[in-house]
Amino acid sequence: MDIMPFVTLIFVAMPEAMLLSAVGLTVVGTQPRLKPILLIAVLYAITAFVVRQLPLTPGLHSIVLLLILAGFLFYQFKITLIKAVAAVFSAFVFLALGENIFLPLFMNILDLSVAEILASPWLRIAASLPNLLMLLIIFGIGYRVRKFHLR
C-alpha cells in the first residue's frame, strides 16, 4: 500500500498520465487533444490516489491503473478498446524503459535507495523528471513524424 502525497499526484501522476496518453495516442495514430488529455490527467491522479491505497500485490496497482487509463482513452477519444489498450501498453513500454534507465542513475548519483525516494515527495518528483522529459521528447518526435502539427 502506497499513499501518494498530494504534491506527488500533481507533479508526477498528472504529467505522467498526460504523457502516457499523448505518447500512446500518437503511437496508434490518433491525434491527442489537450482538453481531453487534461481531463484524463485529473481523473487518473484521483484514481491513482485511490488505487494505490488498495491492498493489492506490488505491480498489480500499475496494471489496474493502465487498464483504467485505457478506459479513459476509449471514452474520451472514441477509439476502439483494442486501440486504447494498445496505446496505453505501448506508452508503458517507454515509461518502463525510462524508469529502468534513469532511476538507477538517479539512485547511484545521489546515493539513495528506493525507500528513501519513496519516503520523500520531493525526491519522488525529482526522480521522475528525467523519465517525464524522455516521454515528452518521444511525444514530440512522434507528433512530428505523424505530421499532427500540420493538421
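Note: hydrogens, waters and symmetry copies are ignored here, and every other heavy atom, side chains too, is used. Numbering starts at 1 and runs along the sequence shown.
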Linking I/L/V/M/F/W/Y whenever any side-chain heavy atoms sit under 4.5 Å apart, do [X] and [Y] land together?
X: V88; Y: L38; answer: yes
X: L97; Y: L136; answer: yes
X: V93; Y: I137; answer: no
X: L67; Y: V23; answer: yes
X: L65; Y: L39; answer: yes

Taking only residues two or more places apart in sequence or in another chain, which ones pass side chain to side chain donor-acceptor pair (under 3.5 Å) with [X]?
X: S113; value: E116
X: E99; value: none
X: T30; value: K83

Establish, for the pair K78 and Y75, whether the NZ or CZ atom is under 6.0 angstrom from the six-membered ring centre and no further than 45 degrees off its axis.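 Yes, a cation-pi geometry.
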Derivation of the side chain to side chain contact (heavy atoms under 4.5 Å, CB included) call for E16 and S21: CA-CA 8 Å; E16 187 175 281; S21 298; over 6 Å; no
In this structure, CG of L43 is separated from OG1 of T47 (nearest 0.5 Å) by 6.0 Å
Any chance you could measure L69, atom CG, to I40, atom CD1, to the nearest 0.5 Å? 6.5 Å
Show the nearest heavy-atom pair for residues [X] and [Y], with the distance to one decimal.
X: G24; Y: A91; result: N-CB, 3.7 Å
X: I37; Y: P32; result: CD1-CB, 3.6 Å
X: L132; Y: L19; result: O-CD1, 3.4 Å
X: A84; Y: A70; result: CB-O, 3.3 Å
X: G98; Y: N131; result: CA-OD1, 3.0 Å

Taking atom CZ of R144 as the centre, does the number of heavy atoms from other residues, nucleotides or ligands within less than 6.0 Å exceed 12? no
Should the heavy atoms of other residues, nucleotides or ligands under 6.0 Å from CG of L60 be counted, would the total exceed 12? yes
If only atom types and distance count, is the side chain of [X] paired as donor or acceptor with the main-chain N or O of [Y] below 3.5 Å?
X: R146; Y: Q31; result: no
X: H61; Y: L54; result: yes
X: S120; Y: I117; result: no

Within the structure provided, determine whether I68 and Y44 are in side-chain contact (heavy-atom separation under 4.5 Å).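 Contact flag for I68/Y44 side chains = no.
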So, do L129 and L133 sit near enough that their side-chain heavy atoms are less than 4.5 Å apart? no
Connecting only ILVMFWY residues whose side-chain heavy atoms lie within less than 4.5 Å of each other, what is the rest of V12's hydrophobic cluster? F6, V7, I10, F11, M14, V42, I46, W122, I125
Got a sec, which pairs hit ring pair (Phe, Tyr, Trp, His ring centres under 6.0 Å) with one end in residues 131-151, sequence neighbours left out? F139-Y143, Y143-F148
Going by the ring pair (Phe, Tyr, Trp, His ring centres under 6.0 Å) test, which pairs reach into residues 83-104, not counting sequence neighbours? none
Could you check L118 against L123 for side chain to side chain contact (heavy atoms under 4.5 Å, CB included), going step by step and ending with a plain yes or no? CA-CA 7 Å; L118 291 177; L123 282 176; over 6 Å; no
